[in-house]
Structures are given as C-alpha cells and as structure tokens.
Amino acid sequence: MTGVSQTVGPILTHVVPHARRSRWLFVFGSATLVAFLLQVVTGIALSSAYVTSSGQAYDSLHFITANTLGRIVRGLHYFGASAMIVLIGAHTIRVYLMGSYKYPRQMNWLTGTGLLLFTLLMAFTGQLLRWDQTGFWTAVVAAEQAGKAPIIGNWLARFVLAGSVPGGATLSRFFAAHVFFIPALMFVFIGVHLYLVLYNGISEPPAAGRPVDPRTYRAWYHRLLEREGLPFWPYAAWRDVVVGFGVVIVIATLAIALGPPELGRPPDPTLVAASPRPDWYFLWYFALLALMPKWSERWVILLGPLIFGLFLIFLPFVSPRGERHPLRRPWAIAIVICALAVIAHYSRMGHLAPWSPRMDAPPLPAEVVGTTSGPIAEGAQVFYDKGCEFCHLVSGYGGIRGPDLSNVGDRLTRDQMLTRILSGAENMPSYAGNMTAAEQEVLLAFLESRHQFQEGTPARPAAMR
Ligand code: HEC
C-alpha cells in the first residue's frame, strides 16, 4: 500500500559482484554511515539541553555532563565523531587504493570528497561548541592561522569568527554551521552518493592486468554480474550489519568507560594561552603549523589544504581509466604511506607538544621558590597566576614553549625582563595593561632571584655572577 517493499526490496536484493578475497574491505562506507546516523541522534539529544550563548554554553555542558545519561550521550557523540573520522579515512583510502574512483564512478568519488570535507568541518565546529579554554582557543588560533593566508586571509578570519574578535556571535555561527548548514549538505550528499552507488553498481575487486576501459566497462560489468553476481541482501549486507553493530558497540563501550572529554576551564580572553591542544584528529595539523619555519607558514596554511583538495577533486578526471590494482599503481601506495607517516609523526610531536603551553602545571613548590613569604614568594604566585608557567620552565616545573627561566637572573637585567614582559614576543603575549605595578614589582623580584646557584649555595664561584 505504501510501496515501501516495492522500492526497498529491489534495492536490498540488487545484484553485486562476488568479492572473494577483499570482502571485508567493502564495509567502511556503510560503517561511516552508521556512525553518522549515531551522530544525528546523539546530536539532537545534546542540542535539546545545550544553550547557544557565550555566557551559558559552558554551564549547560556542565549540566549535561553532571547527569549520567547526559554524560553517556556526550561520550557517544565524542567517540562517534572520532569513529566517523577513522572510518571515512579508511573508506577513502580503500577506494583510492583499489582505484574504485575510476570510470564510471567519478561522481561517487566527487560526492565522497564533499562528504570528507564536511566531516572535517563538523569535527572542527563541534570542538568550539564545547566552549572551554581548549575549544575556544582552537577557534581563535584557527582564525589567526586563516588570517595569515595571503589575499583572502583577512576575510577568512572574519568569516570564521563572525567578527573581528571571538565572542557570542562566533558561537552562534559555529552552532548554526554544526547543526543546520553542514548536516543539511551532508544529507543531500549522502543521498546522491548512495544513489550513485546503486546506479553505477559497487565496484568489483580489482585484478592486476584488467584495466578499466570506459568504452567497454559497463557492458563488461553487466556480464560479470550475470555470471557471478549475488544479491546484496543477505550475501554481502550481513558484513555491513556485523561491522555496523561492532562500531556502535565500540563507541558505546568507550563512551561509558572513558566518558566525554573533560571540560577545561571556561574561556577567559584575559588568560593568555597562545596555542591550546586541539582534539586528536587535528593535533597533527596544528603541530605541523607550529613546527614549520615561520616564513613558510602562511603559504602552507593555504597551499596545503588547497593542493589536497584539488588532488581529490581532479583525481578521477585525470585518471578515469587504466589499471585499478594497487600493485600496478605503486604511486598510490607511496602517497598513502607518506600521508599516514606525516600524520603519525606530527601527531606524536603534537603529543610531546613543546610548542603547546602546559596548562596543568602546578604552582612552584616552596623549595624551588626558596622562601614562603615576602616579595619573592608573591612574585612566584604572580608567575603562576598570569600563566607564565604554562610556557616557561623554572627548575623543572612548567611548560617548555618559551625559554627556561630557571637562571634568568644570571642572564637578563631587570630592564630586559620588564621590556619582554610588557611587550611580549612572537609567541609570548604582551602583559602591558594586564598587570598592576605591584604585581610587576614582585614578579621581577622573583625573576631576579632565579640563579643557577641559589643564595646560600657555598659552591657558587664568583665568576658566575
Ligand atoms: C604563551 C607562552 C608564554 C607565556 C604565557 C609567557 N611567555 Fe615569556 N616567553 C615566551 C616565548 C616563546 C619567549 C621567547 C621569545 C623570543 O625570544 O622570541 C619568551 C621570553 C620571555 C623572557 C625572555 C627570556 C630570555 O631568555 O630571553 C622572559 C623574561 C619572559 N618570557 C618572562 C615571562 C613572564 C614573566 C611571563 C608571565 C607574566 C611570561 N613570560 C609568559 C612564551 C611565553
């Protein structure tokens, strides 16, 4: 009466190639779809309790997380996002290595490229919605980076932030993008992508020495299906079902066992942290940008993604025919290995993160400060409160983004230190106007007391002064 079985029936039982060996490699697409649908469900649940205002977003997430169910839903959404990135990555690599983008499936590849881009944008916009220090500063840093791009930089940065400074409008813009624009585009693209998978047929596993020839391919594929095709349901689909369930179970286990990422401190624009650590899937890119020579940065920011994007878009049109088997396309294997190696290497660097402030550094202990009262002790407190310690090491405590200040009293004069503090530097914020005269006074007293050989150490040679 509804025509559902007439429509769905043929789709479920359409004939697909009989893959003998690489069967399990064909499940990543449907697994990505499962993760996406989970994101839709958990996302709707989250949005029903989330408040899109810069004053309340953080508190509303705290409220959600305090509730057991809310905590699990946030965890599902977080690990669902990670799963989607991993699965769409695996799907892209599979399609690329097997040459499945070749004739007649170029449009499948192109819509898939769009979906890959949208997935990355979802991950990025979602991180800001957390609206804690990390989420907030990630967006700020991203906007700063975008702003360095030649020509369109300024416009791009203003577009990302919805203004010249991050604030409530930024949050609204990211929220609208995250829950309306990008998902709407994704539904359309997924629809077209699936339609094309049915229309062109799923690609058969590649065989070395059997190149694609656009003139004969469709007829050949048709004969292949007639000869040895199998109905999609249940012969191929059962693997998609098993993996789909597996994905949900893994995500749910992680969500319950580990829970969502801790919310950091609420964003505080006066607390200057120059580069926070983004979620794991973007860590490598941030590390790459941070570790690159300064002069190349503005070019890599724009050219990197541009070259990657153009490569994906033009690939199926540049090589629509020829061998599909990876062993006959060594370049494809080399490109995938290089890309994975770069991502792995910079993810590791990002984890070691000398470039990133250490936000969890504890206050300096008394034996390091050398006293528990007076200006030096107060100065040590200012050093901690103003976030200097996030970037500077003192006797083994603190971050290593800036120079080690353990014996700065030996190296710099009071005036040199004051100039640096007030004017900042390339990777150090300026504290002029962000510190009272009294704070300055005790901070300098503290810094001046930092010597390689502390007061009272008998072995201190006179020449060291
Ligand atoms: C976001 C990280 C960051 C924060 C926060 C930070 N600094 Fe720095 N600082 C740096 C970097 C990076 C340099 C090196 C700048 C350069 O030489 O270009 C530096 C340099 C310095 C120097 C000069 C050291 C030398 O050996 O030349 C002093 C002194 C200093 N900072 C003190 C402070 C004090 C005091 C605070 C807190 C009020 C502070 N910094 C906060 C990153 C930071």
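All ligand and atom numbering here is 1-based and tracks the order in the structure.
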What is the ring orientation for H392 with F383, classed by angle as parallel under 30°, tilted 30 to 60°, or perpendicular over 60°? tilted
Assign the ring pair Y96 / Y101 to parallel, tilted or perpendicular, where the plane angle (0 to 90°) is split at 30° and 60°. parallel
Answer yes or no as to whether an N/O/S atom of H392 is found below 2.8 Å from atom 8 (Fe) of ligand 1. yes
According to ring pair (Phe, Tyr, Trp, His ring centres under 6.0 Å), does anything in residues 139-169 pair up with another residue at least two apart or in another chain? List the pairs. W155-F159
Residue-level breakdown please: for L443 versus ligand 1, do any non-hydrogen atoms fall below 4.0 Å on the side chain, on the backbone, on both, or on neither? side chain
Ionic contact status for R414 with E441, cut-off 4.0 Å: yes
Donor-acceptor pair between R94 and S100 side chains, under 3.5 angstrom: yes
Would you check whether K386 has a nitrogen or oxygen atom less than 3.5 angstrom from a nitrogen or oxygen atom of ligand 1? no
Quick one: which ligand 1 atoms are inside 4.0 Å of a heavy atom on [X]?
X: G387; value: 5 (C)
X: R411; value: 25 (C), 26 (O)
X: G402; value: 10 (C), 11 (C), 12 (C)
X: C391; value: 1 (C), 2 (C), 3 (C), 4 (C), 5 (C), 42 (C), 43 (C)
X: C388; value: 34 (C), 35 (C), 36 (C), 37 (C), 38 (C), 39 (C), 41 (C)

Does the cation-pi check pass for R74 over Y50, that is, NZ or CZ under 6.0 Å from the six-membered ring centre and within 45° of its axis? no
Positive for side-chain contact (heavy atoms from CB on, under 4.5 Å) with V247, one of I249, V250, I251: I251
Should one rank D385, L412, I421 by closest heavy-atom distance to atom 27 (O) of ligand 1, which comes out on top? L412
R324 side chain vs M98 backbone, donor-acceptor pair below 3.5 Å: yes
Please confirm whether F390 approaches ligand 1 to less than 4.0 Å, judged on its heavy atoms. no
Tell me, please: is M435 in heavy-atom contact with ligand 1, that is, under 4.0 Å? yes
